[in-house]
Amino acid sequence: MNGAPPLYALAHRALGGYLRATWRPTVGGLDHLPATGGAILAPNHLSIGDQVFLGVLTPRHIAFWAKAEYFRGSGPRGGLTRRVVTGMGAIPVERGGGRAVLTAFDGAIPVLKEGGLVAIFPEGTRSPDGRLYRGRTGAVRLAQQAGVPIIPVGIRGTGHLRPPGRRLPRRHPVSVTFGPPIPVLAETPTDIRRLTDTLMAAIQSLTGQEYVPRYARPN
């Protein structure tokens, strides 16, 4: 895995090998994933397993966002967390509104302009019921600022890995499918909203989920 931080590459091999042997996930549309160059991966969001399976099934390093507190941990546990998120090439995000939200963009734009991949869940939170909810415009705005395309990603099956009341994940078919890149040419807020709706339609075509034309409540 060229260009990936060593810890990420090690986790990709070890965890990827385990998941492939245990869950036998499938991946499609890898021809839509550029071998080089910056791009935003925009998947639907069903469970915390989405990041794991997306990471191990993507043959390039993905920069995921992580809470900024993880980068400032103290003590043995905090120090370990700090080394892990740093070693995985994560992007720190300050919690809160206003300028704090913009720090996520500040951290992601250099990664994208240097040819990296950044993952954003446009729904903004996990789906509460398995349906696909209206997308927020952050992915398109970030792509516009960084000058990179967005690749829609459809994830299936992760919402069934750990049903309510079950402590350990169960085996269930999981698939990740990459769609054709969407170039971002947006000049007005109307353009940004239109492209976001186009992105969500592309994700829906990959997942077959029922679409809900409103934002999902944070969970």
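In what follows, residues are counted from 1 in the order of the sequence shown.
- Side-chain N or O atoms of E123 include one that pairs as donor or acceptor with a backbone N or O of Y133 at under 3.5 Å.
- Taking hydrophobic clusters as Ile, Leu, Val, Met, Phe, Trp and Tyr residues chained together by side-chain heavy-atom distances below 4.5 Å, V212 does not share a cluster with L199.
- A distance of 11.5 Å separates CZ in R72 from CZ in R82, rounded to the nearest 0.5 Å.
- V153 and L46 are assigned to two separate hydrophobic clusters, defined by single-linkage of ILVMFWY side chains at heavy-atom distances under 4.5 Å.
- The nearest pair of heavy atoms linking T196 to G135 is CG2-O, 3.4 Å.
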Next item on the list: Could you walk me through whether F53 and I155 pass side-chain contact (heavy atoms from CB on, under 4.5 Å), step by step?
Entry: CA-CA 9 Å; F53 281 95; I155 300 177; 5.7 Å; no
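- Judged purely by atom type and a 3.5 angstrom limit, Y8 uses its side chain to pair as donor or acceptor with the backbone of I62.
- One finds the CG atom of D129 at 9.5 Å from the CD atom of Q209 (value rounded to the nearest 0.5 Å).
- Residue L117 forms a side-chain contact (heavy atoms from CB on, under 4.5 Å) with just one option from L112, V111, L33, I40, and that option is L33.
- Cluster membership check: L41 does not share its hydrophobic cluster with I48, using side-chain heavy-atom separations under 4.5 Å among Ile, Leu, Val, Met, Phe, Trp and Tyr.
- Judged by distance alone, the side chain of S47 and the main-chain N or O of T158 form a donor-acceptor pair under 3.5 Å.
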Next item on the list: Start with the C-alpha distance between F105 and R141, add both sets of side-chain angles, then the distance that settles side-chain contact (heavy atoms from CB on, under 4.5 Å), and finish with yes or no.
Entry: CA-CA 9 Å; F105 278 33; R141 290 188 286 113; 3.8 Å; yes
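- Cluster annotation: I151 is not connected to F121 through the hydrophobic network of ILVMFWY side chains, with a link wherever side-chain heavy atoms come within less than 4.5 Å.
- Judged by distance alone, with hydrogens and angles left aside, the side-chain atoms of H12 form a donor-acceptor pair with the main-chain N or O of V56 at under 3.5 Å.
- A salt bridge is defined here as a Lys NZ or Arg NE, NH1 or NH2 lying under 4.0 Å from an Asp or Glu carboxylate O, and R194 with D191 meets this definition.
- Across G87 and P5, no two heavy atoms sit closer than the pair O-CB, 3.0 Å.
- Shortest non-hydrogen contact noted between A202 and I182 is CB-CD1, 4.2 Å.
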Item checked: Steps toward side-chain contact (heavy atoms from CB on, under 4.5 Å) verdict (L54, Q51) -> CA-CA 5 Å; L54 178 61; Q51 292 98 323; 5.9 Å; no
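- No side-chain donor-acceptor contact under 3.5 Å links Q204 to the backbone of L132.
- Inspection of the S127 and R131 side chains reveals no N or O donor paired with an N or O acceptor under 3.5 Å.
- Considering only heavy atoms from C-beta on, L57 comes within 4.5 Å of P25 through its side chain.
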Notebook entry, point to check: Would L195 and V184 count as a side-chain contact (heavy atoms from CB on, under 4.5 Å) if you check the C-alpha gap in whole Å, the side-chain angles of each, and the deciding distance to 0.1 Å?
Noted result: CA-CA 7 Å; L195 277 172; V184 174; 4.1 Å; yes
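- Contact between F178 and G29 at its shortest, heavy atoms only, is CB-O, 3.3 Å.
- Judged purely by distance below 3.5 Å, without hydrogens or angles, the side chains of T207 and N44 never pair a donor atom with an acceptor atom.
- A distance of 5.5 Å separates CE in M88 from CG in L7, rounded to the nearest 0.5 Å.
- Looking only at side-chain heavy atoms (C-beta outward), T177 and V27 stay at 4.5 Å or farther from each other.
- Proximity of I91 to F64: side-chain heavy atoms (C-beta onward) are nowhere separated by under 4.5 Å.
- Nearest approach of L206 to P152, heavy atoms of both residues: CD1-O, 3.7 Å.
- Counted within 6.0 Å of CG on L10, heavy atoms from surrounding residues, nucleotides or ligands total more than 12; the atom is thus considered enclosed.
- Put simply, the side chain of V174 does not reach to within 4.5 Å of the side chain of R156, judged on heavy atoms.
- Residue I203 comes nearest to P122 through the heavy atom pair CD1-CG, 3.9 Å, listed as atom of the first residue, atom of the second, then distance.
- Pairs passing the side-chain hydrogen bond (donor to acceptor under 3.5 Å, both in side chains) check and including a residue from residues 14-36, sequence neighbours excluded, do not occur.
- Geometrically, R136 engages Y215 in a cation-pi contact defined by less than 6.0 Å to the ring centre and at most 45° from the axis.
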